[in-house]
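Please read all numbers here as calculations on a predicted model, not as lab measurements. Along the sequence shown, the residues carry numbers beginning at 1. As a basis for the values below, the full set of heavy atoms in this structure was taken, side chains included, without hydrogen atoms, waters or symmetry mates.
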Amino acid sequence: MPHHALEIALTRPLTTDELHHAARTWPLAANDDATRLMALMGAKTPDRAAHRLRRRLSTQLPLDVITTHYPDASGQILLNVAFPPATRDALKAAARSAGQTPERFVELTLHRALAEHADQEAERLDRELRRLLEHTTPAHLLSAVGHALSRLPERPAP
């Protein structure tokens, strides 16, 4: 049975005692401020792994979202979210009226929102670049951007 690397986003930082107690139930690795955890879970599929992990830890930890840590072959990650009953009912009703499953409805809604955000960010950057180009040449701007990027602290790629 394959093991799946899962990342857990918590609704609040854990205390040291909470982390130690939870780690006795399942091996976990925490980030520096104990708001995110990593775990390995054996299951046939990533979906089953996330579901098992949520069932195992939901009574001990303030779980928010569980995601697969690595994208699948399509570049997608799995989101496992436990909605409150009222939200779940509203999603089911909206999905039904759209002729979709709740999972597909949420997936398409997220894709649309992310695409809209990307478009807005591209437009914002375009406006800023045009504003900068009012006061300099493209060559000077490109040189300044290269210089600024070379001085940024090392960060992981998104």
- Query: Looking at V65, L63, N31, which one forms a side-chain contact (heavy atoms from CB on, under 4.5 Å) with L10?
  - Reply: L63
Under a 4.5 Å side-chain heavy-atom rule over Ile, Leu, Val, Met, Phe, Trp and Tyr, are [X] and [Y] clustered together?
X: L91; Y: L108; value: no
X: L149; Y: L132; value: yes
X: L141; Y: L152; value: yes
X: V106; Y: I66; value: no
X: L53; Y: M38; value: no

How long is the gap from [atom1] on [X] to [atom2] on [Y], to the nearest 0.5 Å?
X: Q76; Y: E107; atom1: CD; atom2: CD; result: 6.5 Å
X: D64; Y: I8; atom1: CG; atom2: CD1; result: 11.5 Å
X: R54; Y: M41; atom1: CZ; atom2: CE; result: 12.0 Å
X: R127; Y: R130; atom1: CZ; atom2: CZ; result: 11.0 Å
X: L40; Y: L6; atom1: CG; atom2: CG; result: 7.5 Å
X: L78; Y: Y70; atom1: CG; atom2: OH; result: 15.5 Å

- Item | R104 side chain vs A95 backbone, donor-acceptor pair below 3.5 Å | no
- Using modelled atom types only, decide if a donor and an acceptor are shared between the side chain of H4 and the backbone of A43 within a distance under 3.5 Å. yes
- Item | Verdict with supporting geometry, E128 and R124, side-chain contact (heavy atoms from CB on, under 4.5 Å) | CA-CA 6 Å; E128 290 296 320; R124 184 189 69 78; 4.2 Å; yes
- Derivation and outcome, side-chain contact (heavy atoms from CB on, under 4.5 Å), residues T16 and L19: CA-CA 5 Å; T16 304; L19 181 57; 5.9 Å; no
Show the nearest heavy-atom pair for residues [X] and [Y], with the distance to one decimal.
X: A30; Y: A34; value: CB-CA, 4.5 Å
X: P2; Y: K44; value: CG-O, 4.1 Å
X: Q60; Y: A22; value: OE1-CA, 3.4 Å
X: T87; Y: F83; value: CG2-CD2, 3.7 Å
X: T68; Y: P46; value: CG2-CB, 3.5 Å

- Candidate pair E18 and R12, rule side-chain contact (heavy atoms from CB on, under 4.5 Å), full reasoning: CA-CA 12 Å; E18 287 174 317; R12 63 172 173 75; 2.6 Å; yes
- Message: Can a side-chain donor-acceptor contact be found between D33 and T35 if the only test is distance below 3.5 angstrom?
- Response: yes
- Query: Heavy-atom count around H135 NE2 within 6.0 Å, excluding the residue itself: above 12?
  - Reply: yes
- Message: Quick one, R112 and E116 - any side-chain contact, counting heavy atoms below 4.5 Å?
- Response: no
- Evaluate the side-chain proximity of L57 to L28: yes if any heavy-atom separation is below 4.5 Å, no if none is. yes
